[in-house]
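As structure tokens, the structure follows; a few thoughts come after it.
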Amino acid sequence: MNVMQPIERIRGGVHENERHESGHKHVTGTAEYIDDIPEPAGTLHAYLGLSQRAHAQILSIDFEPVLSAPGVLGILTADDITGENDVSPAHKHDDPVFATDKVEFHGQPIFAVIAETRDEARRAAARVRIDYQDLPHVTDVLEAAAANYPLVIDPLKLERGDIAAGFAKAKNILEGEMRIGGQDHFYLEGHISFAIPGEDDEILLYSSTQHPSETQHMVGQVLGVASNAVTINVRRMGGAFGGKETQANLFAAVAALAARKYRRAVKIRPDRDDDMTATGKRHDFHVGYKVGFDDDGRIEAVDATFSARCGFSADLSGPVTDRALFHADNCYFYPHVRLRSRPLKTNTVSNTAFRGFGGPQGMVGGERMIEEVAYALGKDPLEIRKLNFYGGGGRNLTPYHQTVEDNIIGRIIDELETSCDYAARREAVLAFNRKSQIIKRGIALTPVKFGISFTKTEYNQAGALVHVYADGSIHLNHGGTEMGQGLYTKVAQVVADEFQVDLDRIKVTATTTGKVPNTSATAASSGSDLNGMAAANAAQQIKARLVTFAAERWGVSEKDVAFEPNTIRIGAERMAFSDFIKIAYGSRIQLSAAGYYKTPKIHWNRSEGRGRPFFYYAYGASCSEVSIDTLTGEYQVDRTDVLHDVGKSLNPALDIGQVEGAFVQGMGWLTTEELWWDAKGRLRTHAPSTYKIPLASDRPRIFNVKLAEWSVNREETIRRSKAVGEPPFMLPISVLEAISMAAASVAEYRIAPRLDAPATPERVLLAIERMRRAARNG
Amino acid sequence: MPTLIQMELSRRELLASSATTVAVAGVAKEVRAAGARGKELQNTTEVTFKVNGDPQRLTLDNRTTLLDALREHLHLTGTKKGCDHGQCGACTVIVDGRRINSCLSLAVMHDGNKITTIEGLGQPGNLHPMQAAFIKHDGFQCGYCTPGQICSSVAVLEEITANIPSHVTENLMQQATVTAEEIRERMSGNICRCGAYSNILDAIHEVAGVPA
């Protein structure tokens, strides 16, 4: 046995600022996205033909001009579907791949053209002649309600206490409404699927999907083949943000159908305008609220209805609107509460998952109520927030009857308030506004509490596959997908930590349904929590075999065998990891394991609105200061300070990146990103020319982002870390509220500005005008 | 009201140019018809340019963008297609020292040009300082905008050195300088949907030798 000197620690273990595993490839253009994969000879290209009506009967379709276009091999319609014409993730059978006799939104796929080149397919698709008979259509959520449009799925009601008694007791009652806009994902890499037919009924797909297992099932369903014939591969996505949780399924199904029909490889990639038109977005909401409170601002009762523009089908609208209700309380205890969802059908594209999954809309509604109370009483909204935080005897029960056990919002707020000098800066802002005529400033400090776990309990499981090869190198595969968030890096750090080997000994391979089956979407911020645990479990299984082997072989007790940095210690001696593995292989020790994890403690009864849907909560807070121009409504964010809780971070550098990125994206949602449909039901904001995504120049001028380094997850998560993908998306509510305060300054802060989102310069200007009129009138 | 007259003039110009477009379209149709009768149609053009130092000769459909020429014909897939409308910046490459959106430029317009793509800036083991700085500062998340961000930022620093003003350059009589304001403004043609702007700006500032 070799005698080795111990080294202090491995490179790239957990809690380290390890760089993104693909960084060197990203900066040199060598990271392979699906459109970069060399195409097999004879690859064909598919392009979708979309409805030009929002709601209509299809009377007839003339495909002749399409079929006679150069390079066209043929078309696909519903008639070519050998299985079911449905990709509904809710299993409602309301999401056809191709519309047949009726179209239900402008941009709905009706057919696909298959041609030798993408350009030929795209040009040919535009040549179709379709006769429609228009039907009345509705795009707006309130119009849908007025027109008695159906709900796409059963609504949810959360109820606790006695709201009648609560309002009867309340000294003050306010009612109001708010509109919250949707958001396009604008993942830089658009949707894409690339199908390669195999033997018999087998098919291999490269798909830009966050949910390879569901894509596998949907492709199987549409083709009419079993899941074991379909393999989905995804190495990385160029952004996803929820937009590729279910929306990739249709593209994958079309590529697979065409590949089967023509027995050639087929790629489908819509252009950007079609991608924005034909795929779902964040749900727009209308919130109607009533809040009762005492003279200090303590909330007694809340009654609110969250109506969502769901589009033409259910998709994920059920769980999205549920999550809106789960977050309408944010960090606040409502003694008596009733929250209701209304997932309304509209003649628009079916809205879908987007970072936060309805939670942000719920939270914005909740924060609007706080703002209303503060302006009604003439107080700093932060004071109202603190008064209503969860905590204290009998004040820890959420509207869904889960007890908040891990509340740290008080400490987060206190630390941020001090570090950003909130009180003094608020005074300075008030003083500035007294003197400045045209430019007005606003400042706001807002909290976030976000529940972690899929509310669909069965999704809270994960698998991983770890091989240790005889040369001591390690292969890691798990069910999570990489979309830039750094999941592959974090899970590899966990495995490095388990085996106590340097990170560069581990290779993470592309996610594939062939290695880890029945996986959940990489969504709900759960990627590291679930896959990190599953990978740790796989490593632990291999380690247990190795420990038993070493103890027997060298005649020591199992507790005297330890994995130490790049070595195995057996009794008093040490051996290099790779030497030890070579011996273990030679002694016929199984060096591969499938790991598994399921989240404990959680349960949820939707019909009763009771349970523990969340394993734990992630917290954070931000303070933003803005300036607005009262002549134009334009604004800029002068400074933002963030303190965010990720538990004991697996990788602080990546987590800070997630927090900053989520902030910028959330700020875009609440300020500049406006979706707009015209009277014919056409989405007119279908490219970044008309849809304003935040740029480098929009980032807060001063942007201080810190993690709450003292935080440790009280639940047994992977190395006591917390999920980070979604929670910080809601931090920029402080930007919305700071803009609101600046607008309120023109009426001496006596009237709540009721600024809807997104607070575009136009809306800000309208709010200022409304304030001025209200001030003049009394 | 000078602005109104100006608008009137531009509208007339616009109408005039639209009429020309219609006329050209009409001609094209006739040529196509002539082609069908056996005459040759000039749909393709031979173009020669240098890409990352290598001479390339391609015969391309006249409508082929520089982006598609790079990706589809030369298989240099490091340059990305984000929006294909010149609005996202993912396709930024450097042509004769200046950055352009390669999706908005026809390949045949670049005969004789020197084109640098992300692959030409540097490769693992031999990185351009900007590439190294992007790794050091985590100036990316999903990586899809990264080649465009890096090509853009390399050219931004050269633009400032060459004293080309931007929208925020305050004094046109003085040499332009590298400031946080200038970099943010000049990088605003490159969308990073993951929002990694802080780290991107840090990387550029490091290469420029100016604190962020």
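By convention in this document, chain letters (A, B, ...) are assigned in the order of the sequence lines, proteins followed by strands, and residues within each chain are numbered from 1. What you are looking at is a predicted structure, and each value in this text was computed from that prediction instead of being measured. Computed from heavy atoms alone, side chains included, the values below leave out hydrogens, waters and symmetry copies.
Summarising the local packing, NZ of A:Lys692 is surrounded by more than 12 heavy atoms from other residues, nucleotides or ligands at distances under 6.0 Å. The neighbour count for B:Glu170 CD, taken as heavy atoms of other residues, nucleotides or ligands under 6.0 Å away, does not exceed 12.
Listed options A:Arg118, A:His20, A:Arg236 were ranked by heavy-atom pairs under 4.5 angstrom with chain B; first place goes to A:His20. Interface summary for chain B: among A:Lys25, A:Met237, A:Arg269, the most heavy-atom pairs under 4.5 angstrom belong to A:Arg269. Per-residue heavy-atom pair counts under 4.5 Å with chain B were compared for A:Pro694, A:Gly190, A:Pro700, and the maximum is reached by A:Pro694. Looking only at heavy-atom pairs under 4.5 Å with chain B, the residue among A:Glu32, A:His185, A:Glu482 that has the most is A:His185. For chain A, the option among B:Leu127, B:Ile135, B:Asn199 with the highest count of heavy-atom pairs below 4.5 Å is B:Ile135.
Contact between A:Tyr33 and B:Tyr144 at its shortest, heavy atoms only, is OH-N, 3.3 Å. When every heavy atom of B:Cys88 is checked against every heavy atom of A:Leu188, the shortest pair comes out as SG-CD1, 3.9 Å. Minimum heavy-atom separation, A:Ala687 to B:Gln87: CB-OE1, 3.5 Å. Annotation for B:Ser188 and A:Ala696: closest pair OG-N, 4.2 Å, computed over non-hydrogen atoms. Of all the heavy atoms in A:Gly238 and B:Cys142, the pair that sits closest is C-SG, 3.3 Å.
Counting heavy atoms from C-beta outward, A:Leu695 and B:Tyr197 have side chains that approach closer than 4.5 Å. A heavy-atom distance below 4.5 Å is found between the side chains of A:Glu660 and B:Ser198. The closest side-chain heavy-atom distance from A:Thr30 to B:Gln123 is below 4.5 Å. Side-chain contact check for A:Asp36 versus B:Arg71: some heavy-atom pair is nearer than 4.5 Å. Under the 4.5 Å side-chain criterion, counting only non-hydrogen atoms from C-beta, B:Arg193 is in contact with A:Phe241. In this structure the side chain of A:Thr28 reaches within 4.5 angstrom of the side chain of B:Gln131, judged on heavy atoms. Between A:Ile693 and B:Ile191 the shortest side-chain heavy-atom distance falls below 4.5 Å.
Looking at A:Gln485, its side chain never comes within 3.5 Å of a backbone N or O of B:Gln141 through a donor-acceptor pair.
Distance check: A:Glu189 CD to B:Cys145 SG gives 12.5 Å after rounding to the nearest 0.5 Å. If you take CG on A:Asp119 and CG on B:Asp68, they are separated by 8.0 Å, rounding to the nearest 0.5 Å. Separating the SG atom in B:Cys194 from the CD atom in A:Gln658 is a distance of 8.0 Å, to the nearest 0.5 Å. For the atom pair A:Ser697 OG and B:Glu185 CD, the distance stands at 6.0 Å (nearest 0.5 Å). Note that CG of B:Asp84 is 12.5 Å distant from CG of A:Asp275, once rounded to the nearest 0.5 Å. B:Lys81 NZ to A:Arg272 CZ: the interatomic distance, rounded to the nearest 0.5 Å, is 11.5 Å.
Using a 4.5 Å cut-off between heavy atoms, A:Arg701 contacts chain B through both its backbone and its side chain. Only the backbone of A:Ala31 comes within contact range of chain B, with heavy atoms under 4.5 Å apart. Proximity to chain A is absent for every atom of B:Gln149, based on heavy atoms less than 4.5 angstrom apart. Proximity to chain B involves both the backbone and the side chain of A:Val27, based on heavy atoms less than 4.5 angstrom apart. Contact annotation for A:Phe703: only side-chain heavy atoms (C-beta onward) come within less than 4.5 Å of a heavy atom of chain B. For A:Pro38, no part sits under 4.5 Å from any heavy atom of chain B, backbone or side chain.
Using a 4.0 Å cut-off between a side-chain N of Lys or Arg and a carboxylate O of Asp or Glu, B:Lys80 and A:Asp35 do not qualify as a salt bridge.
Side chain to side chain, B:His85 and A:Asp273 meet the donor-acceptor criterion of an N or O pair below 3.5 Å.
Residues satisfying the side-chain hydrogen bond (donor to acceptor under 3.5 Å, both in side chains) criterion with B:Thr116, sequence neighbours excluded, are absent altogether.
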